[in-house]
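When a ligand or atom number is given, it counts from 1 through the structure's own listing order.
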Amino acid sequence: MTRTDPHSYFDDRQPRAHRWHLRLLVDFDSRILGGEATLMFPRPVAGILDLDSKGLAIHRVWVTVSGAKVPFELGPEEPILGRRLRLTLPEATHGVSIAYETSPGAVGLQWLEPAQTEGRRHPFLFSQCQAIHARTLVPCQDSAAARVAYEAEVVVPEGLTAVMSAGPAGDGPGPIPGTRAFQFRMPQPIPSYLLALAVGELESRDLSPRSRVWAEPATVDRAAWEFAGVEAMIAAAERLFGPYDWERFDMLVLPPSFPYGGMENPRMTFLTPTLLAGDRSLVDVVAHELAHSWTGNLVTNATAEHFWLNEGFTVWAERRILEALHGEEAAAAAWAIGQNALAESLERFRDQPELTLLRTRLEGVDPDDAFSSIPYEKGARLVAALEQEAGEGAFLAFLRDYMKRFRFTSITTEQFCAFVEERLPGLLARVDADAWLHRPGMPANAPVFRSARLDRITAMARAWAGGTRPGDDPMGDWNPSELLVFLQNLDRVQSLEDCAWLDRRLGLTARGNYEILAEWLCIAAASAYEPAYPRIREVLARVGRMKYLRPIYAALGRHEATRALAREVFAQASAGYHILARRLIQGVLAKYP
Ligand code: BES
Ligand code: ZN
């Protein structure tokens, strides 16, 4: 028996399901998804089949069609893995059906009260399966290595709409009065972490023949305006990476507790509403999730130990799209902002250098705990180093071959390296890939991205500590990314006078761009700048995006004066956070006495 993934009971010598058929009823009262999951095999199989499950109540297992009972056994609860569900399949099994229910505490689902939505009239449900939470929704081989196509029928209360990471295949009255049934089809094989479902009061606006945006009625027009440029992005990405293979690129704007910026669920990217800055300044997250359609959803990591292959490539691809659309200066700013995130993560993992390798070893480590900017930014810099060494044209040609060779598969770092060596012999050695992949921290040959403009802005931020204040001229000229670079290069603790100066001159507390706002609130919190407290409370109470919660809470935790504020706000707000966000902030606050 070979288990290939430290985070899954998936065993590659056992039968491998290639298609799922899901029939699910969404019950907001009990916060339970219940129904049937059928796993289909490409040919008749028999014997032991180990599935992942977490918090699932398994009611019945039978052979599809014949109805013959299938013996099953649930193993003990393991903290990261959950419970192994072992089935013993009889001879010539084409498919196996499992009647089951999820638990109200399923990590992969967040159930929102009407008060947590914009409309405040209907409840909302969304899933977040990456990295290893699909098993809290469906009993399955929950390893990225085991790709599946799927079909689903989802029954929801009348008046609500269901969307999935799949193509819509019709809807009609549900089996129970007062319900509606939505059908979906995802014909292409995807890793289980890309299974996605959301249910709420939703409307959509068409943005192009192949793209529309979904959101709550009160948000949908703002979302349509913010993301109006999506078709130009898809076209730019196609020019770089080849045809878009997923037919549609639809997006869903979630309620503010969504714990990430975006999630590349195929055919239905999930996005945080904090992207709706009102000036299209945060659409790089859309470029990122779109880029995953190639670097990720088409070719992804076999396990979380190779996460950099997924995210590092995607950050690099996102910045190539950005550069194609908005020029080199815009891309340089994105790299600079990424550099700051990278430095922060390297510092945070100072005592866990093993998590700063690109090729990680995560046996016994929860992928959510290993999450950081390192696979993203160190990974993207390795890709950029390979590109610079190979030459742009040669590298893009290589990339297209790579995606042709591995499309719809999930691969390891070792497979990637073997392919590079085959196509571009000697390249890995020339960039010292070994150091990038297997040694902690940043290699000395890491590419640097600079521009004269950014150098000037960074210099002004450094000069700030010496008392030099930028004049109105340069500041008025900065775009949002440049302002962010400036703020990131300031010391975290500022005098109250300096805080007031910055706030007045740059209108920071009132900003609608959450990247700038969050950066500023970290400075304000660390500096105990009271005029910003109401805004800090408001943001922490409303927004559940972990990228913002972590540093703001950490900044508040640093000083006694603000620590009480952190605890008070957390006590009020945490019930509305996603469970992962709640755990994360509990961890942050636990560091302080
Ligand atoms: N796939 C990730 C989000 C993710 C990673 C969720 C790991 C769960 C586990 C997504 O593509 C992503 O990276 N989102 C970023 C935005 C991006 C511009 C770096 C985010 O959420 O901030
Ligand atoms: Zn990503």
Practice task
Write the atom name of the N, O or S atom in Glu311 that is nearest the Zn ion (ligand 2).
Solution key: OE1
Practice task
Determine whether Gln339 and Arg381 make a side-chain contact, defined as any pair of heavy atoms from C-beta on separated by less than 4.5 Å.
Solution key: yes
Practice task
Return yes when atom CD of Glu328 has more than 12 non-hydrogen atoms of other residues, nucleotides or ligands closer than 6.0 Å, and no otherwise.
Solution key: no
Exercise for the section: Please work out the angle at the Zn ion (ligand 2) defined by atom NE2 of His288 on one side and atom NE2 of His292 on the other, rounded to 10°. Expected result: 100°
Problem - Test applied, side-chain contact (heavy atoms from CB on, under 4.5 Å); reference residue, Tyr402; option that passes from Ile411, Leu298, Thr295 - result: Ile411
Exercise for the section: Mind running salt bridge (Lys or Arg N to Asp or Glu O under 4.0 Å) on Glu387 and Arg319 for me, showing each step along the way? Expected result: CA-CA 13 Å; Glu387 181 190 23; Arg319 291 183 188 151; over 6 Å; no
Handout entry: Check: Gln110/Ser257 side-chain N/O donor and acceptor closer than 3.5 Å
Key = yes
Exercise for the section: Enumerate the residue pairs fulfilling ring pair (Phe, Tyr, Trp, His ring centres under 6.0 Å) with a member in residues 336-366, sequence neighbours excluded, ordered by first and then second residue. Expected result: none
Practice task
Report yes if some heavy atom in the side chain of Glu289 is under 4.5 Å from a heavy atom in the side chain of Tyr260; otherwise report no.
Solution key: no
Does ligand 1 have any N/O atom under 3.5 Å from a protein N/O, and what are those pairs and their distances?
unit_1   : atom_1 : unit_2 : atom_2 : d
ligand 1 : 1 (N)  : Gln130 : OE1    : 2.7
ligand 1 : 1 (N)  : Glu264 : OE1    : 2.6
ligand 1 : 1 (N)  : Glu264 : OE2    : 3.2
ligand 1 : 1 (N)  : Glu311 : OE2    : 3.0
ligand 1 : 11 (O) : Glu264 : OE1    : 2.9
ligand 1 : 11 (O) : His288 : NE2    : 3.2
ligand 1 : 11 (O) : Glu289 : OE1    : 2.7
ligand 1 : 11 (O) : Glu289 : OE2    : 3.3
ligand 1 : 11 (O) : His292 : NE2    : 2.9
ligand 1 : 13 (O) : His288 : NE2    : 3.2
ligand 1 : 13 (O) : Glu311 : OE1    : 3.4
ligand 1 : 13 (O) : Tyr376 : OH     : 2.7
ligand 1 : 14 (N) : Gly262 : O      : 3.3
ligand 1 : 14 (N) : Glu289 : OE2    : 3.2
ligand 1 : 21 (O) : Gly261 : N      : 2.6
ligand 1 : 21 (O) : Gly262 : N      : 3.3
ligand 1 : 22 (O) : Arg545 : NH2    : 3.3

Exercise for the section: Please confirm if an N, O or S atom belonging to Glu289, backbone or side chain, lies less than 2.8 Å from the Zn ion (ligand 2). Expected result: no
